[in-house]
Number of protein chains: 2
Amino acid sequence: MKKITLKKTYRYSRQRERLLAILRSTENHPTAIWLYDWMKPEFPSLSLGTVYRNLAILIEQGVVRKIDAGSTFDRFEAKTSPHYHLICRKCGTITDFEKRFFPEIDDEIRRSTDFTIEGHRIDFFGTCADCRGKS
Amino acid sequence: MKKITLKKTYRYSRQRERLLAILRSTENHPTAIWLYDWMKPEFPSLSLGTVYRNLAILIEQGVVRKIDAGSTFDRFEAKTSPHYHLICRKCGTITDFEKRFFPEIDDEIRRSTDFTIEGHRIDFFGTCADCRGKS
DNA sequence: CTACTTGCAAACTATTTGCGTTACG
DNA sequence: CGTAACGCAAATAGTTTGCAAGTAG
């Protein structure tokens, strides 16, 4: 009696296509407004609501991920390979760290808890090279 | 020419003392309102602003930590030993996972980046035992 | 005494939503 | 054509803040 995950279909939208393209082409981990400002010249009548609605859809599709970095606002990234984040406490910059040292970590936890683990996140907090110099 | 970390002193407050005591005595990872509701009987004129202000102070003192669990609201915990979180995607419950499998992880990253690492967090996402049964 | 903390209420801000219009399929 | 997606603006919701009054040191 297992429930089949229903595969919702979404209609094509130029705005959403562009949104994903931008997310995929940037090294940043943009906020909603950053994305909005970036798209605005191309879509003069774009609204923030549309950005948020499409981000939600892309997240549901599993191609975009929301990041909680302790800020008051959300950041987003196009989901690619698993990676970790280096979050600077001074300037808030998030840098990806591609190499995976601990691919076996999920299994390790699975063995010792009664929790169905789908994935994990590892974030490192500290000071980035740029900020270290500053007083 | 290194800047000395200034040690700000805080005046005693019954509300703050109680707040910390509650945070330390609970297994939950409470929200601000949960704490507010819990304290209200003892401090009938308590305001939410006071809860938030004191949480900020306790965080600055390093005895309380804010948790980003993907919700729209913040959760808090009294900082004790380092541990990981199991976050249930269905009910939002956060369970502590005390055992540390990877104490050496910070050093491992330090060796390969130009980032001053102060600490890290590891959160696991999935479904808790209670929610697994539900359709 | 004096200045940190509180309670109250108003302000803020990021995000969400209702509604009439546009446009994909 | 039917209905998902849009733009717009108003609504939410969690958190922060200004100010007058209370209180620790």
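Sequence lines set the chain letters: A, B, ... in the order given, protein chains first and strands last, and positions in each chain run from 1.
With sequence neighbours left out, A/T26 forms a side chain to side chain contact (heavy atoms under 4.5 Å, CB included) with A/N28, A/P30, A/W34. Judged as a salt bridge (Lys or Arg N to Asp or Glu O under 4.0 Å), and not counting sequence neighbours, the contacts of A/D114 are B/R132. Residues meeting the side chain to side chain contact (heavy atoms under 4.5 Å, CB included) test with A/E27, sequence neighbours left out: none. Looking at residues two or more places apart in sequence or on another chain, you find a ring-ring contact (aromatic ring centres under 6.0 Å, His included) between A/H29 and A/H85. For B/R110, the salt bridge (Lys or Arg N to Asp or Glu O under 4.0 Å) partners are B/D107, not counting sequence neighbours. Residues forming a salt bridge (Lys or Arg N to Asp or Glu O under 4.0 Å) with B/K66 (at least two apart in sequence, or on another chain): B/D74. Taking B/D123 as the reference, A/R121, B/R121 meet the salt bridge (Lys or Arg N to Asp or Glu O under 4.0 Å) condition, with sequence neighbours excluded.
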Notebook entry, point to check: Can you give one letter per nucleotide of nucleotides 16-25 of chain D, going 5' to 3': B for a protein heavy atom under 4.0 Å from the base, S for sugar-phosphate only, - for none?
Noted result: BBB----BBS
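A heavy atom closer than 4.0 Å to some atom of DNA chain D occurs in no member of residues 18-44 of chain A.
One axis for each end of the helix from C/dC1-D/dG25 to C/dG25-D/dC1, each built from five base pairs, and the angle between them comes to 40° at 10° resolution.
Separating the CZ atom in B/R89 from the CZ atom in B/F125 is a distance of 6.5 Å, to the nearest 0.5 Å.
B/E98 and B/Y84 share no side-chain donor-acceptor pair at under 3.5 Å. Side-chain polar atoms of B/E17 and B/Y12 form a donor-acceptor pair below 3.5 angstrom.
Within the 6.0 Å centre-distance limit, the rings of A/H120 and B/F124 are counted as a close aromatic pair.
We find that CG of A/L46 is positioned 12 Å from C1' of D/dA5, with the value rounded to whole Å. For the pair A/I57 CD1 and D/dT3 P, the computed distance is 17 Å after rounding to whole Å. For the pair B/R75 CZ and D/dT15 C1', the computed distance is 16 Å after rounding to whole Å.
Identified under the ring pair (Phe, Tyr, Trp, His ring centres under 6.0 Å) test for residues 53-82 of chain A, with sequence neighbours left out: none.
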Checklist line | Steps toward side chain to side chain contact (heavy atoms under 4.5 Å, CB included) verdict (A/N54, A/S13) | finding: CA-CA 9 Å; A/N54 279 318; A/S13 116; 4.3 Å; yes
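Along DNA chain C, read 5' to 3', the first and last nucleotides having any atom under 4.0 Å from a heavy atom of chain A are C/dA14 to C/dG25.
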